[in-house]
J.: 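Got a structure here, written out as structure tokens. Questions coming.
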Amino acid sequence: MNILITGAGRGLGVELAAEALKRGHGVIAGVRHPDQEQTALSQLAATYGAKLTVAALDVTNEEGIAELAASLKGQGRTLGAIINNAAILTARNTPVEELDLKDMLTTMDINLYGPMRVVKHFLPLLTEPDRSIINISSEAGSITNAYPGDYPYAISKTALNMFSQQLHVYLQERGIQVLSVHPGWMHTDMGGEEAPTNPRSSAEGIISLIEQRRAPEGHFMFVDYTGKDMDI
């Protein structure tokens, strides 16, 4: 299948691209500035050639998203999966009394409205068999396990879980799998050096969720990268 991945230039995004390519899938790797050096993606391109397309995709730029979708459609390209991975973490460990609401606005624009824009414009291209939309969420978005901190990030991921649930209801009759996925606390720029999860392990699990289409056991479409149900 062909898989569109946002935020594919580093961290989990590039590991998702590498794992998908390794398994024989085509990848459209969305990055904000493809003209800048993308070392990891360049290495993948050298190995997998035309299986990898690096494309300009800024999830805050709806016009650019629409143009990319139209370009791919014009080329006759189709998709089997969309992975909304691009995200930002701001105001970490900032008490609410000191929170700059600009951080809230920026975070919601990228973490929530970004996936909404991508789905809006790329859903018509999602026509291959056994289709999936994967929204990369976080355990921080669990209302059950709410904690005082990371307000912009946590609230944006809670909202993303709601969007995933709405999409599930909307698209289930079309046979499109929709999941919010907690990728684990990963050793990336965002997760930090103390994080225990290798992002490649998380990527392996997420690509397997797309291939195997294992439905959550519970009512909600919120799982971790192994497919285990998460507390909503």
J.: With rounding to the nearest 0.5 angstrom, report the CD1 to CZ distance, Ile65 to Phe122.
T.: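 These two atoms lie 7.0 Å from each other.
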
J.: Between Arg117 and Thr60, is any pair of side-chain heavy atoms under 4.5 Å apart?
T.: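 The answer is yes, as the side chains (C-beta and beyond) meet within the 4.5 Å cut-off.
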
J.: Could you tell me whether the side chain of Glu217 reaches within less than 4.5 Å of the side chain of Lys228, counting heavy atoms only?
T.: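 Not touching, per the 4.5 Å side-chain cut-off.
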
J.: Tell me, with the steps shown, if Glu62 and Lys120 meet salt bridge (Lys or Arg N to Asp or Glu O under 4.0 Å).
T.: CA-CA 10 Å; Glu62 184 167 1; Lys120 173 183 175 180; 2.7 Å; yes

J.: Test your reading of the model: is there a side-chain donor-acceptor pair from Thr6 to the backbone of Ala86, 3.5 Å cut-off?
T.: yes

J.: Keeping the roles fixed (side chain from Lys51, backbone from Gly24), state whether a donor-acceptor pair exists under 3.5 Å.
T.: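 It does hold such a pair.
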
J.: Going through the distances and angles, do Arg174 and Thr127 end up as a side-chain hydrogen bond (donor to acceptor under 3.5 Å, both in side chains)?
T.: CA-CA 10 Å; Arg174 301 189 208 177; Thr127 59; over 6 Å; no

J.: Please check: side-chain N/O of Ser42 versus main-chain N/O of Gln38, any donor-acceptor pairing under 3.5 Å?
T.: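 Checked: pair present.
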
J.: Do Val31 and Val54 come within less than 4.5 Å of each other through their side chains, counting heavy atoms only?
T.: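 SC-SC contact between Val31 and Val54 confirmed.
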
J.: Nearest heavy-atom pair of Asp229 and Phe220: which atoms, and what distance?
T.: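 Looking at all heavy atoms of both residues, the closest pair is OD2-O, 4.5 Å.
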
J.: Would you check if the side chain of Arg213 reaches a backbone N or O of Arg131 as a donor-acceptor pair within less than 3.5 Å?
T.: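 Answer holds: yes.
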
J.: Can you measure from CD (Gln166) to CG (Leu171) and round to the nearest 0.5 angstrom?
T.: 11.0 Å

J.: Are Ile110 and Met162 connected in a single hydrophobic cluster, I mean Ile/Leu/Val/Met/Phe/Trp/Tyr linked by side-chain heavy atoms less than 4.5 Å apart?
T.: no

J.: Does His168 offer a backbone N or O that forms a donor-acceptor pair with the side chain of Gln177 under 3.5 Å?
T.: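 Side chain of Gln177 to backbone of His168, a donor-acceptor pair under 3.5 Å: no, none is there.
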
J.: Backbone N or O of Glu139 within a donor-acceptor pair of the His182 side chain at under 3.5 Å?
T.: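 Yes, His182 side chain to Glu139 backbone: donor-acceptor pair under 3.5 Å.
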
J.: Side-chain contact, heavy-atom cut-off 4.5 Å: Ile207 with Arg23?
T.: yes

J.: Give a yes or no answer on whether the side chain of Asn111 reaches the backbone of Ile88 with a donor-acceptor pair at less than 3.5 Å.
T.: yes

J.: The test is side-chain hydrogen bond (donor to acceptor under 3.5 Å, both in side chains); show your working for Thr107 and Ser156 and say whether it passes.
T.: CA-CA 7 Å; Thr107 300; Ser156 72; over 6 Å; no

J.: Heavy atoms, side chains only, cut-off 4.5 Å: are Phe163 and Asn135 in contact?
T.: yes

J.: Pair Asn2, Glu128 - check side-chain hydrogen bond (donor to acceptor under 3.5 Å, both in side chains), show working.
T.: CA-CA 8 Å; Asn2 291 305; Glu128 296 176 8; 2.9 Å; yes

J.: Do His25 and Glu211 get their side chains close enough for a donor-acceptor pair, meaning under 3.5 Å?
T.: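 A pair is found: one side chain offers a donor N or O, the other an acceptor, under 3.5 Å apart.
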
J.: To the nearest 0.5 Å, tell me how far Ser138 OG sits from Asp224 CG.
T.: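 Taking OG in Ser138 and CG in Asp224, the distance rounds to 11.5 Å.
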
J.: Starting at OG1 of Thr39, measure out to CZ of Arg10 and round the result to the nearest 0.5 Å.
T.: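 Answer for the OG1-CZ pair, Thr39 versus Arg10, is 13.0 Å.
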
J.: At their closest point, which heavy atom of Ala140 faces which heavy atom of Tyr147, and how far apart are they?
T.: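 Looking at all heavy atoms of both residues, the shortest contact is CB-OH, 3.5 Å.
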
J.: In terms of hydrophobic clusters joined by side-chain contacts under 4.5 Å, are Leu160 and Leu105 together?
T.: no

J.: Contact between Leu79 and Ile28 at the side-chain level, heavy atoms closer than 4.5 Å - yes or no?
T.: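 In short, these two side chains touch, coming nearer than 4.5 Å.
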
J.: Quick check: are there more than 12 heavy atoms from other residues, nucleotides or ligands sitting under 6.0 Å from CD of Gln75?
T.: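 Yes, because the 6.0 Å sphere around CD of Gln75 holds more than 12 heavy atoms from other groups.
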
J.: Less than 4.5 Å apart, any side-chain heavy atom of Ile83 and any of Leu4?
T.: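 No, side chains not in contact.
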
J.: For a quick test of reading the model, state the closest non-hydrogen atom pair linking Tyr153 to Ser137 and the distance between them.
T.: OH-O, 4.2 Å

J.: Quick one: closest heavy-atom pair of Asp150 and Asn93, and the distance?
T.: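 Residues Asp150 and Asn93, closest heavy atoms: OD1-N, 3.2 Å.
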
J.: Treat each ILVMFWY residue as a node, draw an edge where side-chain heavy atoms are under 4.5 Å apart, and state whether Leu21 and Ile3 are in one component.
T.: yes

J.: Would you mind reporting whether Ile5 and Val27 have side-chain heavy atoms less than 4.5 Å apart?
T.: yes

J.: Considering residues, nucleotides and ligands other than Gln212, do more than 12 of their heavy atoms fall under 6.0 Å from its CD?
T.: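 Yes.
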
J.: Indicate if Leu68 and Met116 have the same hydrophobic cluster label, given that clusters are the connected sets of ILVMFWY residues with side-chain heavy-atom separations under 4.5 angstrom.
T.: yes

J.: Please assess Asp103 against Arg92 for the test salt bridge (Lys or Arg N to Asp or Glu O under 4.0 Å), listing each intermediate value before the final yes or no.
T.: CA-CA 10 Å; Asp103 288 329; Arg92 185 161 218 173; over 6 Å; no

J.: What do the steps show when you test Leu44 against Val14 for side-chain contact (heavy atoms from CB on, under 4.5 Å), and what is the final call?
T.: CA-CA 9 Å; Leu44 290 175; Val14 76; 4.2 Å; yes

J.: Inspect the surroundings of CZ in Arg32 and state if more than 12 heavy atoms from other residues, nucleotides or ligands are less than 6.0 Å away.
T.: no

J.: Supply the atom-to-atom distance Ser201 OG to Glu19 CD, rounded to the nearest 0.5 angstrom.
T.: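 It is 9.5 Å, given to the nearest 0.5 Å.
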
J.: Quick check: does any side chain N or O of Gln165 sit under 3.5 Å from a backbone N or O of Met221, one acting as donor and the other as acceptor?
T.: yes

J.: In sequence, state the C-alpha distance, the side-chain angles, and the governing distance for Ile206 and Ile136, and then conclude on side-chain contact (heavy atoms from CB on, under 4.5 Å).
T.: CA-CA 9 Å; Ile206 292 166; Ile136 302 301; 3.8 Å; yes

J.: Nearest heavy-atom pair of Ala203 and Leu12: which atoms, and what distance?
T.: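 Scanning both residues, the minimum pair turns out to be N-CD1, 4.0 Å.
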
J.: For the backbone of Gln43 and the side chain of Thr47, can you confirm whether one donor and one acceptor N or O come within less than 3.5 Å of each other?
T.: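 Checking the backbone N and O of Gln43 against the side chain of Thr47, a donor-acceptor pair under 3.5 Å is found.
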
J.: Which pair of heavy atoms, one from Met1 and one from Ala81, lies closest together, and at what distance?
T.: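 So the minimum-distance heavy-atom pair works out to SD-CB, 4.0 Å.
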
J.: If I take atom OG from residue Ser142 and atom NZ from residue Lys157, how far apart are they, to the nearest 0.5 angstrom?
T.: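 Interatomic distance, Ser142 OG to Lys157 NZ, rounded to 0.5 Å: 14.0 Å.
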
J.: Side-chain heavy atoms under 4.5 angstrom apart, residues restricted to Ile, Leu, Val, Met, Phe, Trp, Tyr: same cluster for Ile133 and Met230?
T.: no

